[in-house]
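Single-structure report; data block below.
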Amino acid sequence: MIVFAMRAGVAHAHGVVGDYIFLEPLITQDPAPANEFDVLGPSWVKSSDGNSYSISSSIEKVLWIDDNYMPRFSIGGGSAWQHQSPFHGQNLDGFNSLTMFAKWAFFYSQKHEFLASFGAQIQLPVGNTGIQASSHTSLGPTFLWEKGMGDLPNWPVLKYLRPLGVQTDFGYVPALGGPTSHHMFADAVVEYSLPYLSNNVQDIGLKWPLRNMFLFNEFNYDQFITGPSGQTFPTILATPGIAYVSYHFEVALGTQFALNNASKPGTHAAVLGLLDIFYDSFFPKWGNWTINRGPGE
């Protein structure tokens, strides 16, 4: 089973809260509004029934920044092309539903490296009916937050926990018509920032590319609750991986493991990837354009 989530000064650095730069997760939705283009999100999953291949892409644009040049509101959207190759039966391929979203960072603390966002997500069934999960439009809210641990005391041993960061999301997206189908998901990623370790804790002599690497593990819950009388079993997965993050882009690679019995048939093997371009670093004038401040500089 594939779970696909759609999921700043004058030039807005991506995902920066205080001194912490948060990565763009593979599955978990990023709480921070950002100017980014997920050019390529390939994945391969081998299940007990067959193989599934997917290539996703999405784009997000910041539309409002505050007086501290902190991005506060963004919109975006994306979709995925998927090929299903069952061991028995006919192959299927086509585009999945179109997902669009809006995100508002209603609170942040630079001192405590904390940010919380509300969002709205709509899924439009414009893809292949054999691929997409629902043939009806779905709409619902999301809640997201992230926290860096840089405010921990700079004590011996304990200081090495300061590069830790946590990002989470929760969404409830019911169908607006047809048979009742409520999509519920919750994700969390725990990451360790080697750039933060070198720049804000202690320089241990890491060289490129290790100096730009993040180690992370995501925990992903996904479930379709169908009708008032019953529900499907939840999918609960661990998604460990590694990411390289520069000023211009991020490259990440991970795999998935089942954490409950219902998930085991769908995750015999899996490889997930991401190439995320921070386009405002290449085109600062129009890339950093916002409604309230106009073009960037």
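- Evaluation of the salt bridge (Lys or Arg N to Asp or Glu O under 4.0 Å) test over residues 114-131, restricted to residues two or more places apart or in two chains, returns none.
- Using a 4.5 Å cut-off on side-chain heavy atoms (C-beta onward), Ile277 and Phe282 make contact.
- No side-chain heavy atom of Thr168 sits less than 4.5 Å from a side-chain heavy atom of Thr28.
- For Phe118, the ring-ring contact (aromatic ring centres under 6.0 Å, His included) criterion is met by Phe106, Phe143, not counting sequence neighbours.
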Open item on the list: Applying ring pair (Phe, Tyr, Trp, His ring centres under 6.0 Å) to Trp286 and Tyr279, what does each step give before you reach the verdict?
Closed with: CA-CA 10 Å; Trp286 67 263; Tyr279 60 80; 5.7 Å; yes
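- The side-chain heavy atoms of Leu144 and Ser117, taken from C-beta on, include a pair separated by under 4.5 Å.
- Hydrophobic clustering (ILVMFWY, side-chain heavy atoms < 4.5 Å, transitive): Phe87 and Leu92 are in distinct clusters.
- The closest side-chain heavy-atom distance from Trp64 to Pro33 is not below 4.5 Å.
- Residue Leu164 holds its CG atom at 6.5 Å from OH of Tyr20, rounded to the nearest 0.5 Å.
- Residue Tyr108 holds its OH atom at 4.0 Å from CG of Asn68, rounded to the nearest 0.5 Å.
- Tyr172 is linked by a ring-ring contact (aromatic ring centres under 6.0 Å, His included) to His182, counting only residues two or more places apart in sequence or in another chain.
- Note that the CD atom of Gln90 and the CD atom of Gln84 stand 11.5 Å from one another [nearest 0.5 Å].
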Open item on the list: Between Glu113 and Tyr196, does the side chain to side chain contact (heavy atoms under 4.5 Å, CB included) criterion hold? Intermediate values first, please.
Closed with: CA-CA 12 Å; Glu113 300 172 349; Tyr196 195 97; 2.9 Å; yes
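- Under a 3.5 Å cut-off, the side chain of Glu250 and the backbone N or O of Glu24 do form a donor-acceptor pair.
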TODO: Applying side chain to side chain contact (heavy atoms under 4.5 Å, CB included), run through Asp187 and Asp169 and close with a yes or a no.
DONE: CA-CA 5 Å; Asp187 305 281; Asp169 69 36; 2.8 Å; yes
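- For residues 193-219, every residue pair satisfying the salt bridge (Lys or Arg N to Asp or Glu O under 4.0 Å) rule, not counting sequence neighbours, is listed here: Asp203-Arg211.
- The two residues Ser79 and Asn96 come nearest to each other via the heavy atoms OG-O, 3.1 Å.
- For the atom pair CG of Asn51 and OG of Ser85, the computed distance is 6.0 Å after rounding to the nearest 0.5 Å.
- Between Phe107 and Trp145, every side-chain heavy-atom pair lies at or beyond the 4.5 Å cut-off.
- For Tyr192, there are no side chain to side chain donor-acceptor pair (under 3.5 Å) partners at least two apart in sequence or on another chain.
- Among pairs with a residue in residues 139-150, those fulfilling salt bridge (Lys or Arg N to Asp or Glu O under 4.0 Å) read Lys147-Asp151, at least two apart in sequence or across chains.
- Residue Asp67 places its CG atom among 12 or fewer non-hydrogen atoms of other residues, nucleotides or ligands, all under 6.0 Å distant.
- The heavy-atom pair separating Val17 from Ser109 by the smallest distance is CG1-O, 3.7 Å.
- In terms of heavy-atom proximity, Gly140 sits nearest to Val173 at N-CG1, 3.9 Å.
- Residues forming a side chain to side chain donor-acceptor pair (under 3.5 Å) with Asn154 (at least two apart in sequence, or on another chain): Arg162.
- Ring centroids of Trp289 and Phe283 are separated by 6.0 Å or more, keeping the two rings apart.
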Task: side chain to side chain donor-acceptor pair (under 3.5 Å) assessment of Asp222 paired with Thr235 - done: CA-CA 5 Å; Asp222 193 88; Thr235 298; 5.5 Å; no
Open item on the list: With side chain to side chain contact (heavy atoms under 4.5 Å, CB included) as the criterion, how do Asn91 and His83 come out once you've worked through the C-alpha distance, each side chain's angles and the decisive distance to 0.1 Å?
Closed with: CA-CA 7 Å; Asn91 292 348; His83 175 81; 3.9 Å; yes
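- The shortest distance between side-chain heavy atoms of Thr255 and Pro240 falls below 4.5 Å.
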Open item on the list: Quick one, Gln223 with Ile236, criterion side chain to side chain contact (heavy atoms under 4.5 Å, CB included). Give me CA distance, side-chain angles, the key distance, then yes/no.
Closed with: CA-CA 9 Å; Gln223 186 170 11; Ile236 304 176; over 6 Å; no
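- Taking OG1 of Thr290 as the start and CG of Asn35 as the end, the distance is 9.0 Å to the nearest 0.5 Å.
- Contact annotation: the side chain of Leu194 approaches that of Met213 to within less than 4.5 Å [non-hydrogen atoms, C-beta and beyond].
- Atom CZ of residue Phe185 and atom CD of residue Gln29 lie 4.5 Å apart, to the nearest 0.5 angstrom.
- Pairs of residues two or more places apart, or lying in two chains, that qualify as salt bridge (Lys or Arg N to Asp or Glu O under 4.0 Å) and include a residue from residues 69-94 are Asp66-Arg72.
- With sequence neighbours excluded, the residues satisfying side chain to side chain donor-acceptor pair (under 3.5 Å) with Glu60 are Ser74, Lys103.
- Listed here is the closest heavy atom pair of Leu63 and Asn292: O-OD1, 4.0 Å.
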TODO: Give the intermediate values and the outcome of side chain to side chain donor-acceptor pair (under 3.5 Å) for residues Thr99 and Gln121.
DONE: CA-CA 7 Å; Thr99 299; Gln121 181 172 299; 5.2 Å; no
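- Pairing each heavy atom of Leu23 with each of Ala243, the nearest pair is CD2-CB, 4.4 Å.
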- [ ] Just do the side chain to side chain donor-acceptor pair (under 3.5 Å) check on Asp49 and His88 with the steps written out, would you?
- [x] CA-CA 8 Å; Asp49 299 323; His88 305 286; over 6 Å; no
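- A pairwise comparison of heavy atoms in Leu139 and Ile122 identifies CD1-CB, 3.9 Å as the closest pair.
- Contacts of Ser281 classified as side chain to side chain donor-acceptor pair (under 3.5 Å), with partners at least two apart in sequence or in another chain: His248.
- Checked against ring-ring contact (aromatic ring centres under 6.0 Å, His included), Tyr221 has no partners two or more places apart in sequence or in another chain.
- Residues forming a ring-ring contact (aromatic ring centres under 6.0 Å, His included) with Phe278 (at least two apart in sequence, or on another chain): His14.
- Side-chain N or O atoms of Asn260 include one that pairs as donor or acceptor with a backbone N or O of Pro234 at under 3.5 Å.
- Ser57 places none of its side-chain heavy atoms less than 4.5 Å from the side chain of Trp81.
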